[in-house]
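Here is the naming used below: chain letters follow the sequence lines, and residue numbers restart at 1 for every chain.
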Protein chains: 2
Amino acid sequence: MVKYRTLDGTFGALSDPTRRGIIMHLNKGEASVSELASPYGISMPAISKHLKVLEEAGLIFRQKKGRVHYCRLATAPLGEVDTWLARFRRSHRRVIN
Amino acid sequence: MVKYRTLDGTFGALSDPTRRGIIMHLNKGEASVSELASPYGISMPAISKHLKVLEEAGLIFRQKKGRVHYCRLATAPLGEVDTWLARFRRSHRRVIN
DNA sequence: TTAATACTTAACCATATGGTTAAGTATAGA
DNA sequence: TCTATACTTAACCATATGGTTAAGTATTAA
């Protein structure tokens with residue numbers, strides 16, 4: 001799994017259910033690390049690692065306000081996945097074939 | 001990485017460039033294992049493992065004709081990824097917001 | 001029947017992943 | 001200033017991943 005905005009990184013980041021859950025949470029708006037962690041029965045360090053993976057994949061960015069770290073979703077990598085997927089879409093292939 | 005048609009499995013399978021290459025190759029039509037292997041400077045067992053990952057993710061299926069194993073693309077899991085991604089699409093969010 | 005072809009499986013290796021607990025850092029509040 | 005909060009980092013562990021070489025299996029061709 002490579003780092004910094006590659007399809008490898010994005011797909012790799014999305015292959016974990018906790019990270020997909022975090023992404024879906026963030027799709028509703030920004031959230032603190034604690035808020036993101038609350039649905040999962042895992043430790044803060046584990047969440048911290050997941051966030052690092054998501055950040056390195058360019059899927060989230062953070063802003064620190066006081067001691068709270070707020071995370072937001074970056075949709076660009078998802079757009080790249082979408083673009084990659086487009087070539088396999090039925091409708092698209094119907095146009096080609 | 002879990003097996004047998006899960007989003008985990010599909011995203012995990014797609015996180016490797018060799019496997020994405022294979023998928024793109026198969027998008028043009030069925031191909032033998034040797035044909036799929038030829039662009040990559042890795043051993044046959046390595047390719048065999050990649051194909052196993054793709055097969056367990058439900059992304060390909062095989063048919064044996066004599067000693068040649070032909071692989072074909074199964075688009076259903078890609079459709080599931082597409083469905084998962086849909087909620088993050090601009091146009092979709094424009095409808096919601 | 002013997003040898004070549006097209007694979008897969010087994011055994012192994014180094015590194016990555018996803019979790020843990022313990023310790024460290026930065027900010028807020030008493 | 002001292003303590004609690006909201007994190008991150010470090011060290012560790014078990015298992016997964018992606019590669020290798022060597023060996024095994026099935027089919028075709030000589």
Side-chain angles (χ1 to χ4, degrees), chain A residues 1-26 30-72 77, chain B residues 1-26 30-72 77:
Chain A
M1 247 260 299
V2 190
K3 290 175 182 182
Y4 303 115
R5 275 315 267 315
T6 64
L7 270 180
D8 283 27
T10 307
F11 277 121
L14 295 176
S15 73
D16 182 272
T18 302
R19 289 194 293 261
R20 284 199 308 280
I22 288 170
I23 294 251
M24 288 180 61
H25 189 140
L26 291 177
E30 84 172 2
S32 71
V33 173
S34 301
E35 283 163 6
L36 291 173
S38 64
Y40 310 101
I42 58 177
S43 65
M44 280 294 282
I47 292 291
S48 210
K49 280 193 190 181
H50 282 307
L51 293 177
K52 196 181 173 194
V53 171
L54 289 169
E55 198 170 23
E56 284 176 346
L59 277 161
I60 66 168
F61 47 95
R62 313 191 208 196
Q63 205 176 345
K64 210 179 151 186
K65 285 179 191 163
R67 56 192 165 181
V68 181
H69 299 225
Y70 291 97
C71 300
R72 289 206 290 156
Chain B
M1 248 262 299
V2 189
K3 289 175 181 183
Y4 304 116
R5 277 311 268 317
T6 64
L7 269 181
D8 283 25
T10 307
F11 277 120
L14 295 175
S15 73
D16 182 272
T18 302
R19 288 194 294 262
R20 283 199 308 280
I22 289 170
I23 294 251
M24 288 180 61
H25 190 140
L26 290 177
E30 84 174 1
S32 71
V33 173
S34 300
E35 283 164 5
L36 291 173
S38 64
Y40 311 100
I42 59 177
S43 64
M44 281 295 282
I47 292 291
S48 210
K49 280 192 191 180
H50 283 306
L51 293 177
K52 197 181 174 195
V53 170
L54 289 169
E55 197 170 25
E56 285 176 346
L59 278 161
I60 65 168
F61 47 94
R62 314 192 208 195
Q63 204 176 345
K64 208 180 152 186
K65 284 179 192 164
R67 58 190 164 182
V68 181
H69 298 225
Y70 291 96
C71 300
R72 289 207 289 155

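Out of dT20(D), dC7(D), dC7(C), the shortest distance to the side chain of A46(B) is found at dT20(D). Candidate nucleotides dT9(C), dG18(C), dT20(D) were compared by shortest atom distance to the side chain of I42(B), and dT20(D) ranks first. For S34(B), the side-chain atoms get nearest to dA6(C) when compared with the rest of dG19(D), dC7(D), dA6(C).
Separating the CG atom of D16(A) from the P atom of dT15(D) is a distance of 18 Å, rounded to the nearest angstrom. Taking atom CD on E56(B) and atom P on dG18(D), their separation rounds to 12 Å, with Å as the unit. Counting to the nearest Å, the P atom of dT25(C) and the CE atom of M44(A) are 17 Å from each other. Between the NE2 atom of H69(A) and the P atom of dT9(D) there is a distance of 9 Å, rounded to whole Å. Taking atom CD of E55(A) as the reference point, atom P of dC7(D) lies 13 Å away to the nearest angstrom. For the pair Y40(A) OH and dT20(C) P, the computed distance is 14 Å after rounding to whole Å. Atom CD1 in I47(B) sits about 20 Å away from atom P in dT5(C), given to the nearest Å. Across the protein-nucleic acid pair, F11(B) atom CZ and dT17(C) atom P stand 17 Å apart, rounded to whole Å.
Contact between A37(A) and M44(A) at its shortest, heavy atoms only, is CB-SD, 4.0 Å. When all heavy atoms of L54(B) and A13(B) are compared, the closest pair comes out as CD2-CB, 4.1 Å.
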Are there any protein N/O atoms within less than 3.5 Å of an N/O atom in nucleotides 10-12 of chain C, and if so, which ones and at what distance?
none

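The phosphate of dG18(D) (OP1 or OP2) has a side-chain N or O of R19(B) nearer than 4.0 angstrom. H50(B) has no side-chain polar atom (N or O) that falls below the 4.0 Å cut-off from OP1 or OP2 of dT17(D). Residue R62(A) places at least one side-chain N or O closer than 4.0 Å to OP1 or OP2 of dT8(D). OP1 or OP2 of dG19(D) has not a single side-chain nitrogen or oxygen of S43(B) nearer than 4.0 Å.
Scanning for side-chain contact (heavy atoms from CB on, under 4.5 Å) contacts around P45(A) gives S43(A), with sequence neighbours left out. Legend: residues meeting side-chain contact (heavy atoms from CB on, under 4.5 Å) with S48(B), ordered by chain and number and at least two apart, are absent. H25(A) is linked by a side chain to side chain donor-acceptor pair (under 3.5 Å) to nothing, counting only residues two or more places apart in sequence or in another chain.
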Letter per nucleotide, 5' to 3', of nucleotides 25-30 of chain D [B base touched, S only sugar-phosphate touched, - untouched; heavy atoms, 4.0 Å]: -SBB--
Could you list the donor-acceptor pairs under 3.5 angstrom formed between side-chain atoms of residues 57-70 of chain A and any protein atom two or more places apart in sequence or on another chain?
unit_1: R62(A); atom_1: NE; unit_2: E55(A); atom_2: OE1; d: 3.0
unit_1: R62(A); atom_1: NE; unit_2: E55(A); atom_2: OE2; d: 3.4
unit_1: R62(A); atom_1: NH2; unit_2: E55(A); atom_2: OE1; d: 2.9

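Pairs engaging residues 30-40 of chain B under the side-chain hydrogen bond (donor to acceptor under 3.5 Å, both in side chains) rule: none recorded [sequence neighbours left out].
Side-chain N or O atoms of R20(B) include one that pairs as donor or acceptor with a backbone N or O of L14(B) at under 3.5 Å.
Rounding to the nearest 0.5 Å places CG of D16(B) at 12.0 Å from NZ of K49(B).
Looking at L36(B) and H50(B), their side chains never come closer than 4.5 Å, going by heavy atoms from C-beta outward.
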